[in-house]
Each structure stands twice: as structure tokens, then as C-alpha cells.
Amino acid sequence: LMLVMKIVLSRFGGVQLKRAGLLTAFSAGSGAPFSVAAAGACWDVSPEEAQRLLRMLAEAALIQPMPGDLYSLHPALFDPLRAQVEQHELAQAATRLRDHYLALVEMASGARQQIDAEIGQIMAAYRHASKADPVLASLFADALLSYFEQSGLWGSLVRLTTETVNQAFEDGDVMREHQYLNDLGFALTMLGDLKEARRHFERSLRISQSLSDPSSEAAALNNIGALLEREGRYGDAEEYYRRSLSLRETMGIREDIVETLNNVAGVLYRQKRWDDALSSFQRVFDLFSELGDRRGQAQTWLNIGTIYEAQGRDPEALEAYQRSFATFSNQSDEAGQAQALNNIGVHYFNQGDMERALICFRRSLTLKERLTDRPGPASTLNNIALLHERTGSLQLALDHYQRSYRILHALGDPRAEVVQDNIENLRRKM
């Protein structure tokens with residue numbers, strides 16, 4: 001191989017040889033492709049020049065063209081190419097790549113397709129930052145965590161935060177460990193690993209108390225409450241929420257107060273304490289009004305509508321849902337509109353008005369798919385499947401259940417198991 005490499009590389013001049021070697025700043029393998037823009041950053045040249053050079057290297061079989069105008073470096077060529085460049089030049093190229101990928105991840109919603117395509121290289125750049133510059137690595141981690149959370153990529157979020165927390169623990173960096181413990185616990189909760197999630201939340205609580213950090217202590221208490229609520233231990237959850245609420249009311253930050261009060265109201269609803277829950281949600285609505293938070297008001301209308309529905313006050317429930325939809329629409333909040341439409345659809349479904357229910361579900365699904373809300377369409381697809389099953393259209397029901405399952409399974413979402421049960425029950429019925 002080395003003999004062949006020497007023959008191929010002898011065709012290039014010193015500059016091109018160096019540029020070929022600088023590509024080893026990327027990870028090798030077809031599972032980690034890189035873009036023309038990333039190559040341009042690596043070489044510090046324009047995208048047009050990078051495109052020309054990549055095509056030349058591809059013709060010489062030094063790199064592999066891939067779909068989507070991407071390229072990859074074969075692992076067998078990694079060491080021979082790396083030998084063509086000085087270490088300090090390689091380090092400079094890796095730094096340029098790190099900055100390029102950090103900027104890309106910070107764009108998040110505007111660069112989702114690019115991030116998904118180059119996630120292997122992005123994670124490699126993050127690991128390089130972790131070793132070379134802890135401060136920058138922290139910024140990189142924050143941007144990645146935000147992207148994974150927005151995209152519902154809980155498995156990726158757990159892997160990244162576990163790596164970050166463990167490294168901080170080994171380094172004795174309590175502050176950095178503390179920074180990510182709640183994120184890790186939240187992601188584990190989303191994946192259904194409640195025992196491990198609580199371990200991290202409680203570690204965060206202990207550190208917060210030792211640091212006399214009431215803000216983080218309140219956050220940890222709130223998170224443990226959410227975990228207990230998910231386990232169905234509503235009385236215990238309420239206790240933790242109220243401890244969190246007490247701290248936050250002492251600090252007087254209304255945004256934090258309304259978050260925890262909202263959770264208290266939710267767990268009161270879970271305990272079927274309808275009047276107490278309604279009173280708390282009305283306080284939440286008033287706080288959102290004081291803050292001028294129209295989206296918060298719209299979300300609270302949804303919650304109030306759910307209580308009215310539980311109390312059998314169907315006309316008031318529908319009115320609350322419609323107010324929510326109108327408020328979300330005035331804010332041009334399509335995600336909120338989709339949620340409100342889904343609730344209105346469920347209302348009509350429960351009333352036996354399948355035609356109106358299906359219209360609402362389909363409008364909700366269209367909005368969610370347009371927003372590229374990755375887990376969002378699954379719940380609405382499941383509702384459409386239930387409707388078709390109720391009306392006897394079993395094949396349509398099966399199709400929608402399967403679409404819902406594929407989304408949830410791909411995201412590692414534990415709700416996939418529930419949908420799988422629905423599929424198996426429907427197949428027996430068919």
C-alpha cells in the first residue's frame with residue numbers, strides 16, 4: 001500500500017500534497033463524511049477552491065465521493081496521508097475545523113440537514129475541543145446539547161452528557177460536572193431510565209446544597225419531582241415541587257416561579273384534585289399575563305381545557321382549546337397550533353364526531369411534519385390510527401400505527417413499545 005501511495009502522491013506538488021495530508025484532521029471512514037465547506041475550513045480556502053481540490057483528490061482515489069456532495073477518507077489512507085504534513089499544521093487545521101463545526105451547530109435549526117449529515121465529524125471536533133480547550137468545549141457541548149434536545153435525539157444527548165460528566169468527575173471539576181448533571185438526568189428520563197436519571201438529579205441536588213446554590217437546588221428538586229410524577233408517585237412529586245417553588249418564590253424570579261407552579265398544577269391534576277389544579281393553572285395564567293408571555297398563556301388554556309374536559313364541562317373545554325389555538329395563531333406559533341388542533345381533535349373524537357376529529361388531526365400532522373418535529377408526528381399518527389380503528393378502517397389504522405412506530409423506534413423513544421402493542425392487538429383483530 002505504501003508503494004502505491006508513493007506513486008500516487010508523486011503526481012502532486014508540495015502544496016497539494018500538504019492539503020491531502022491536512023484532510024487527516026477529519027475522522028476517517030464512510031460513516032464520517034465531510035462537506036465541501038468543511039474542507040474549505042480545513043484548508044482555509046474558498047468553497048470554490050475546495051470543490052476543485054476535492055474533485056482532483058477524488059480522481060486520484062485519495063478520497064471517496066459520497067451522496068449529497070460529501071466526501072470521506074478511507075481508513076487505510078489515513079496514516080500515509082498524515083505523514084505528509086507537519087504536526088503544527090495539522091493542529092491548526094483541526095482548530096479551524098472545530099471553529100467551523102461549532103458555528104454550524106450554533107445555527108442549529110437553520111442547518112439541521114448539514115448537521116445530521118456530518119454528525120460523525122462534528123462529534124470528533126467536539127472531542128478535539130475537549131482535549132485542547134475546555135472553555136470552548138463547554139460552549140460546543142451546550143450547542144450540541146441544545147441541538148440534540150430540539151431534535152429529540154435523546155440517545156445522542158445521553159452519550160454526550162455522560163462523556164462530559166464523567167470527564168469532569170475524573171478531573172475533579174465539580175462546577176463543570178454540576179453544569180451538566182441535570183441535562184443528563186433529563187435525557188435519561190426521556191429514554192425511560194428513571195433510576196439512573198434520579199441518581200444524577202440527586203447528585204446535582206447534593207452539589208447544589210454544598211455550594212449554597214439555591215437556583216440549582218430548586219432546579220434539581222423540580223427535576224426529581226418530575227421524575228416521581230412520571231413514576232406515578234404524585235404525592236411525593238408534589239412535595240418536591242413545593243420545596244422547589246418555595247426556594248424560587250424566595251428568589252423572586254417570576255419565570256422560575258411560573259415553571260414550578262405549572263408543575264404543581266399538573267401533579268394536582270394527576271391526583272384528580274380538579275378544583276385545586278384549576279386554581280393553580282389560573283395563577284399560572286395570571287403570571288404569564290404579567291410577564292407578557294402570550295405563548296405561555298396559550299399553553300395554559302390547553303391545560304385548563306383538559307381540566308374542564310375531565311370535569312365533564314365539554315363546552316368550556318372546547319372554548320379553552322379554541323382560545324389556545326387562536327392565541328398560538330396570533331403568535332404565528334405553528335408548533336402550538338399543531339398541539340391545540342390535536343387537543344381539539346381528541347375532544348371531537350371523544351364526542352363521537354369522527355369527521356371533525358380527523359380534519360383536526362390531519363391539520364395537526366401537516367403542521368408537525370412541516371416543522372420537521374421529529375417525535376411530534378408520532379402522537380398524532382397514533383390518534384389517527386385510533387380513529388380509523390374505531391370506525392372500522394383497520395388497514396388505514398395499521399398503516400398509521402406503523403408510521404408512528406417507525407418514528408418512535410428510530411428515536412429510541414420508549415413509547416414505541418406501546419404503539420407496537422397497538423399494532424399486535426390490531427393484527428389479531430384483523
Side-chain angles (χ1 to χ4, degrees), residues 1-105 114-137 139-141 143-144 156 159-160 163-164 167:
L1 177 62
M2 286 301 297
L3 178 60
V4 173
M5 281 293 300
K6 287 178 181 178
I7 294 170
V8 172
L9 293 174
S10 67
R11 297 174 50 199
F12 295 96
V15 173
Q16 307 300 21
L17 200 56
K18 181 183 296 183
R19 285 175 172 167
L22 287 175
L23 289 180
T24 58
F26 290 105
S27 291
S30 58
F34 56 87
S35 65
V36 174
C42 175
W43 290 326
D44 196 19
V45 300
S46 69
E48 294 76 19
E49 176 68 4
Q51 182 74 82
R52 185 185 69 79
L53 292 168
L54 288 169
R55 285 175 180 161
M56 181 180 68
L57 293 172
E59 287 172 6
L62 290 176
I63 58 173
Q64 180 181 354
M66 299 189 69
D69 206 20
L70 298 170
Y71 296 85
S72 68
L73 182 65
H74 195 285
L77 301 180
F78 188 83
D79 289 337
L81 284 175
R82 176 159 282 204
Q84 309 304 315
V85 65
E86 297 291 335
Q87 284 301 308
H88 73 277
E89 295 172 318
L90 194 59
Q92 291 169 352
T95 298
R96 290 193 294 269
L97 271 184
R98 179 198 66 196
D99 294 343
H100 168 79
Y101 282 128
L102 174 57
L104 186 65
V105 173
Q114 296 158 271
I115 293 171
D116 287 347
E118 297 184 75
I119 193 65
Q121 298 294 353
I122 289 169
M123 293 307 297
Y126 163 72
R127 292 188 181 95
H128 171 263
S130 297
K131 296 175 182 177
D133 189 337
V135 175
L136 193 61
L139 294 174
F140 211 146
L144 279 168
S156 298
R159 285 191 291 274
L160 175 59
E163 183 179 311
T164 304
Q167 186 61 53

Atom OG1 in Thr95, atom NE2 in His100: separation rounded to 0.5 Å? 14.5 Å
Carefully, step by step, assess Leu23 and Leu81 under the rule side-chain contact (heavy atoms from CB on, under 4.5 Å). CA-CA 8 Å; Leu23 289 180; Leu81 284 175; 5.6 Å; no
Do the side chain of Glu89 and the main chain of Glu86 share a donor and acceptor less than 3.5 angstrom apart? yes
Hey, does the side chain of Glu118 reach the backbone of Ser35 with a donor-acceptor pair shorter than 3.5 angstrom? yes
Roughly how far, to the nearest 0.5 Å, is the CD atom of Gln114 from the CG atom of Leu70? 10.0 Å
Residues Tyr71, Val36; criterion side-chain contact (heavy atoms from CB on, under 4.5 Å); working and verdict: CA-CA 8 Å; Tyr71 296 85; Val36 174; 4.1 Å; yes
Where do Asp69 and Gln51 land on the side-chain contact (heavy atoms from CB on, under 4.5 Å) test, with the steps shown first? CA-CA 9 Å; Asp69 206 20; Gln51 182 74 82; 3.2 Å; yes
Measuring from atom CZ of Arg98 to atom CD1 of Ile122, what distance do you get when rounded to the nearest 0.5 angstrom? 14.5 Å
Over all atoms of both residues, closest heavy-atom pair of Ala28 and Pro75: CB-CA, 3.8 Å
Working to the nearest 0.5 angstrom, can you tell me the gap between Leu102 CG and Phe140 CZ? 5.5 Å
Between Pro33 and Gln121, the two heavy atoms sitting closest are O-CG, 3.2 Å
At their closest point, which heavy atom of Leu90 faces which heavy atom of Gly21, and how far apart are they? CD1-O, 4.1 Å
Could you report the tightest heavy-atom contact between Ser72 and Phe34, atom names first, then the distance? CA-CE2, 3.9 Å
First locate atom CG of Leu73, then atom OG1 of Thr24, and finally report the distance between them rounded to the nearest 0.5 Å. 7.5 Å
Here's a test for you: under side-chain contact (heavy atoms from CB on, under 4.5 Å), which of Arg96, Lys18, Arg19 qualifies with Trp43? Arg19
Minimum heavy-atom separation for Ala39 and Phe26, please, with both atom names. N-CZ, 3.9 Å
If I compare all heavy atoms of Leu22 with all of Ala93, which pair ends up nearest, and what's the gap? CD2-CB, 3.9 Å
I need the Leu57 CG to Arg55 CZ distance, nearest 0.5 Å. 12.5 Å
